[in-house]
**Q** 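Take this structure first; my questions come after.
Note: hydrogens, waters and symmetry copies are ignored here, and every other heavy atom, side chains too, is used.
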Amino acid sequence: MAKVLFEWDYSSYPGAKAYPNLFKPIQMGNLMVPNRIKYAATEDNLNDHNGFITDADVAYMRSRAEGVVGGLCFMQGVYMDEAGKGQGYVGQAACWDDKYVEGLKRIADAIHGEKAIAGFQLMDCGRVGAVEVESGHGPSTVPQRLRIFKPMYEMTNAEVKEMVQQHVDAAKRGVEAGFDVMEISGIVGYLISNFVSSYTNRRTDEYGGDIRGRCQAMVEIIQGVKEVCGPDIPVGIRLCSEELLNDVKGNTPEESMETYKIAEEAGADYISCTLGWQESIFPVISRDIPQGNWLYLAKRAKENVKIPIQMAYRLFTPDKPDKAVADGGLDIWEICRSMIADPLMPKKVLEGREDEIRHCVACNLCLARLFRDAPMTCYINPRCAHEHDENFTPKPAEEEKEIMIVGAGPAGMECAYVAAQRGHEVHVYDKRGEVGGTLLDASRAPYGDEELMTCVNYQKTMCEKAGVQFHFNNEVTDELIADEMPDTVVLATGPVYPVIEDSEDRDDVVNVLDVLSGKAQVGETVVVWGNRKPGIGVALFLAKQGKKVTIVGKEKSAGFDINPSFKWRYMIYLKQNGVMAYNDCDIEELNDGEIIVKTYDGYRFPVKCDTVVVSEREANESLKKIVQAEGIELFVIGDALVPRNLSSAVHDGYRIGLRI
């Protein structure tokens with residue numbers, strides 16, 4: 001009979017009725033899991049640089065454990081070698097010595113405290129490793145494609161066997177720490193995937209050659225880990241279903257499915273189905289990929305093995321995984337970034353509170369920070385990685401105030417609901433007739449930007465539930481402020497757009513927001529002034545309509561304000577759509593049918609155009625003087641303070657909402 005760790009009854013919850021397939025049990029090995037939900041192991045860089053667990057990481061994991069409502073909750077992968085060649089992140093947890101068991105037990109205990117199943121992951125980062133040392137290890141010496149990673153050198157046969165034993169020893173420590181499930185990471189360019197792949201494994205000994213030889217290290221690890229875990233602790237593995245490395249002769253999809261079969265033969269109790277490497281040139285998890293796009297790979301995996309299949313990529317809402325489970329194409333819904341953005345996401349689904357979910361916008365800021373040796377944060381969740389800090393939790397205000405917030409965009413609404421939750425009387429004014437601010441227009445840019453509106457939808461719900469009062473179609477003036485005399489004014493008015501010299505009365509110079517909203521028409525040949533994200537978004541928007549578009553911007557490179565883990569996609573899309581970008585330049589003259597571009601070093605040249613779209617932005621100084629003159633407490637947030645991005649707007653709003 002399967003082992004049951006915690007009893008859960010979901011029958012009375014609305015989410016279990018709406019998504020019955022997600023809230024039914026499943027057996028993994030000899031363990032019964034109450035539901036089909038898993039928080040997938042995610043590096044967070046929250047631990048100290050010696051690999052010891054911190055209070056921040058315990059609190060982070062406790063929050064996610066609450067969110068899975070009895071399901072699987074996996075801590076980040078641990079590195080297992082004292083030399084640190086397998087360490088891929090400066091804040092990665094270590095498990096190469098017994099001294100780490102005490103800290104790891106804190107994670108297991110925190111997960112168990114929420115009646116969830118504690119998962120432990122073994123992860124030698126291979127080609128993505130050696131973060132603190134000069135070089136790393138791999139099956140063969142294959143040059144790196146990405147300059148951010150260290151050189152890798154071929155392991156001897158003895159070193160391979162030592163690495164296998166390191167996995168086994170670390171698994172034993174994980175069991176001692178109290179974890180319930182053991183997982184081996186073999187994905188995205190980590191060491192086991194390096195052995196499995198024909199791209200990085202050129203060996204001729206028993207650990208190389210054909211697909212079975214390349215899987216030999218994986219087989220020995222699975223078998224060794226199974227032995228120390230015993231019959232009651234399931235052992236699973238994460239494996240690529242497609243490497244997306246065709247350009248460098250990586251594994252074929254057929255070979256990848258063979259690795260699944262070999263893992264099952266070796267004794268794996270489940271497989272987490274993934275795809276792509278860090279070195280792949282095809283996008284996998286960014287918002288330009290449609291949600292549910294990769295479910296066919298999970299279905300294919302199910303057709304090749306009998307053990308449970310799990311999957312995470314681009315599954316941000318419960319409807320798709322629920323249907324996939326019902327159709328027999330998936331067994332467990334893995335969640336990663338969605339629970340970085342909202343750690344209680346599955347719990348809110350279960351309780352019928354889907355409108356209160358702060359959805360991930362697939363920007364990959366969390367990933368970008370990891371590879372820059374910074375603690376993980378979230379683009380749209382200000383509390384992420386601060387769960388241990390009481391100062392980031394809203395508390396009742398010491399003095400309740402009447403607050404006027406000018407602007408119903410992301411910054412203003414974030415501030416509004418946080419302040420209202422703390423007991424303030426909050427009034428939000430906006431000259432438009434709806435919430436969203438400039439994001440209403442920005443979300444019309446192509447390649448998935450419509451998903452940005454999920455942030456606004458969440459904020460609107462939270463404002464309504466907190467009792468925020470909205471005043472739409474109401475432009476705030478000096479006189480209105482003087483008449484209302486609130487205790488506090490928060491200016492979240494968005495940026496202003498500078499005027500090109502001699503363009504005031506010209507019909508051929510238009511605003512980026514007017515173009516995206518359809519209020520302004522443009523000619524066939526367009527220059528976009530500004531090479532940050534707003535300029536790139538409108539350039540692609542117009543290029544998709546067949547316009548010939550040129551970007552002229554002051555930044556040294558286009559997309560300066562886009563995080564690097566997403567920026568490369570935009571650079572490809574600009575090229576694919578024929579958009580020329582002149583960076584480190586400015587518009588010096590505006591003539592009939594052309595502009596004169598001036599480069600950073602003084603060179604000038606003409607660019608023909610029918611229309612100029614202004615996307616450059618500046619801070620908004622309006623209304624500040626009257627607020628200061630009346631002696632009213634003043635805060636300026638979002639693009640009104642400094643034009644930046646959606647993340648800055650949300651984080652500004654949250655922090656000021658806590659501060660007032």
Side-chain angles (χ1 to χ4, degrees), residues 286-288 361 363 409-410 432 436-453 455-456 494-500 503 506-555 557-563 566-583 585-587 590 594-595 597 607-618 620 638-639 643-649:
S286 44
R287 65 175 172 268
D288 49 335
V361 295
C363 69
R432 299 195 192 210
T438 58
L439 199 62
L440 284 167
D441 307 311
S443 63
R444 294 185 173 97
Y447 301 109
D449 277 6
E450 70 277 1
E451 290 188 25
L452 298 176
M453 282 301 292
C455 176
V456 169
V496 294
Y497 296 84
V499 176
I500 301 174
S503 69
R506 298 183 63 129
D507 295 332
D508 56 354
V509 178
V510 295
N511 178 273
V512 57
L513 301 180
D514 291 337
V515 173
L516 289 167
S517 66
K519 294 177 184 175
Q521 302 301 310
V522 303
E524 292 303 307
T525 306
V526 182
V527 165
V528 174
W529 183 39
N531 60 349
R532 291 196 173 197
K533 175 59 174 68
I536 291 172
V538 74
L540 292 170
F541 175 81
L542 293 172
K544 284 289 187 182
Q545 299 174 23
K547 312 293 185 184
K548 182 179 179 182
V549 184
T550 301
I551 294 175
V552 177
K554 299 176 183 179
E555 303 294 347
S557 65
F560 172 82
D561 55 338
I562 303 172
N563 88 71
F566 203 118
K567 177 179 174 179
W568 69 281
R569 299 301 309 147
Y570 281 116
M571 299 305 103
I572 290 174
Y573 289 136
L574 289 174
K575 185 174 182 179
Q576 288 176 344
N577 286 278
V579 177
M580 171 66 74
Y582 293 112
N583 303 314
C585 296
D586 205 356
I587 296 177
L590 179 62
E594 71 171 19
I595 61 165
V597 176
V607 174
K608 294 188 179 301
C609 62
D610 303 317
T611 310
V612 174
V613 178
V614 176
S615 75
E616 288 282 2
R617 301 170 298 164
E618 295 177 350
N620 193 336
D639 287 347
R644 289 158 291 163
N645 54 27
L646 170 60
S647 180
S648 298

**Q** What pair of heavy atoms forms the shortest contact from Lys567 to Ser557, and how long is it?
**A**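 Closest pair (atom of Lys567, atom of Ser557, distance): NZ-OG, 3.1 Å.
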
**Q** CG/Leu540 to CD/Gln545 distance, rounded to the nearest 0.5 angstrom?
**A** 11.5 Å

**Q** Counting N and O atoms only, with roles assigned by atom type, does the side chain of Ser443 sit under 3.5 Å from a partner on the main chain of Leu439, one being a donor and the other an acceptor?
**A**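 Checked: pair present.
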
**Q** Are any of the side-chain nitrogens in Arg444 or Asp449 under 4.0 Å away from the carboxylate oxygens of its partner?
**A**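 Answer for the salt bridge query: no.
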
**Q** Can you measure from CD (Glu618) to OH (Tyr497) and round to the nearest 0.5 angstrom?
**A** 11.5 Å

**Q** If you compare all heavy atoms of Val512 against all heavy atoms of Pro534, which two are closest, and at what distance to 0.1 Å?
**A** CG2-O, 4.0 Å

**Q** Sub-3.5 Å donor-acceptor pair from the side chain of Arg644 to the main-chain atoms of Asp639, do we have one?
**A**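 Flag not set: sc Arg644 to bb Asp639 has no pair under 3.5 Å.
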
**Q** Does the side chain of Lys519 reach to within under 4.5 Å of the side chain of Val510, using non-hydrogen atoms?
**A** no

**Q** Set out, in order, the CA-CA distance, both residues' side-chain angles and the distance that settles side chain to side chain contact (heavy atoms under 4.5 Å, CB included) for Leu542 and Val613, then state yes or no.
**A** CA-CA 10 Å; Leu542 293 172; Val613 178; 4.2 Å; yes

**Q** With the side chain counted from C-beta on, respond yes when Lys533 and Asn645 share a heavy-atom pair under 4.5 Å apart, and no when they do not.
**A** no

**Q** Distance check, rounded to the nearest 0.5 Å: Asp561 atom CG versus Arg532 atom CZ?
**A**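 Here the rounded value is 5.0 Å.
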
**Q** Can you measure from CG (Asn531) to CD (Glu555) and round to the nearest 0.5 angstrom?
**A**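 Rounded to the nearest 0.5 Å, the CG-CD separation comes out at 6.0 Å.
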
**Q** Any non-hydrogen side-chain atom of Thr550 less than 4.5 Å from a side-chain atom of Val597?
**A** no

**Q** Could you grab the distance from atom CG of Leu590 to atom CZ of Arg506, nearest 0.5 Å is fine?
**A**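 The CG atom of Leu590 sits 4.0 Å away from the CZ atom of Arg506.
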
**Q** Any chance you could lay out the side-chain hydrogen bond (donor to acceptor under 3.5 Å, both in side chains) test for Lys547 and Thr611, step after step, and finish with the verdict?
**A** CA-CA 11 Å; Lys547 312 293 185 184; Thr611 310; over 6 Å; no

**Q** Would you kindly say whether Thr438 and Asp441 are connected by a side-chain donor-acceptor distance under 3.5 Å?
**A** no

**Q** Verify whether one side chain among Ser286 and Asp288 offers a donor that lies under 3.5 Å from an acceptor in the other.
**A**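 Yes, a side-chain donor-acceptor pair sits under 3.5 Å.
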
**Q** Which atom names give the shortest non-hydrogen contact between Gly535 and Ile551, and what distance separates them?
**A**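 So the minimum-distance heavy-atom pair works out to O-CD1, 4.3 Å.
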
**Q** Would you tell me whether Lys544 and Tyr447 have side-chain atoms, one donor and one acceptor, within less than 3.5 Å of each other?
**A**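 On atom types as modelled, these side chains qualify, holding a pair under 3.5 Å.
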
**Q** Side chains of Val456 and Met453: closer than 4.5 Å at any heavy-atom pair?
**A** yes

**Q** Show the numbers, then the answer: is there a side chain to side chain contact (heavy atoms under 4.5 Å, CB included) between Ile562 and Ile536?
**A** CA-CA 10 Å; Ile562 303 172; Ile536 291 172; 4.0 Å; yes

**Q** If we check side-chain contact (heavy atoms from CB on, under 4.5 Å) with Ile595, which of these qualifies: Val612, Asp586, Val509?
**A** Val612

**Q** Once you round to the nearest 0.5 Å, how far does CG of Leu440 lie from OG of Ser517?
**A**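 One gets 9.5 Å once the value is rounded to the nearest 0.5 Å.
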
**Q** Taking the side chain from Asn577 and the backbone from Val579, do they hold a donor-acceptor pair closer than 3.5 Å?
**A**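 No, Asn577 side chain to Val579 backbone: no donor-acceptor pair under 3.5 Å.
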
**Q** Which pair of non-hydrogen atoms, one from Ala649 and one from Pro410, has the smallest distance, and what is that distance?
**A** CB-CB, 4.3 Å

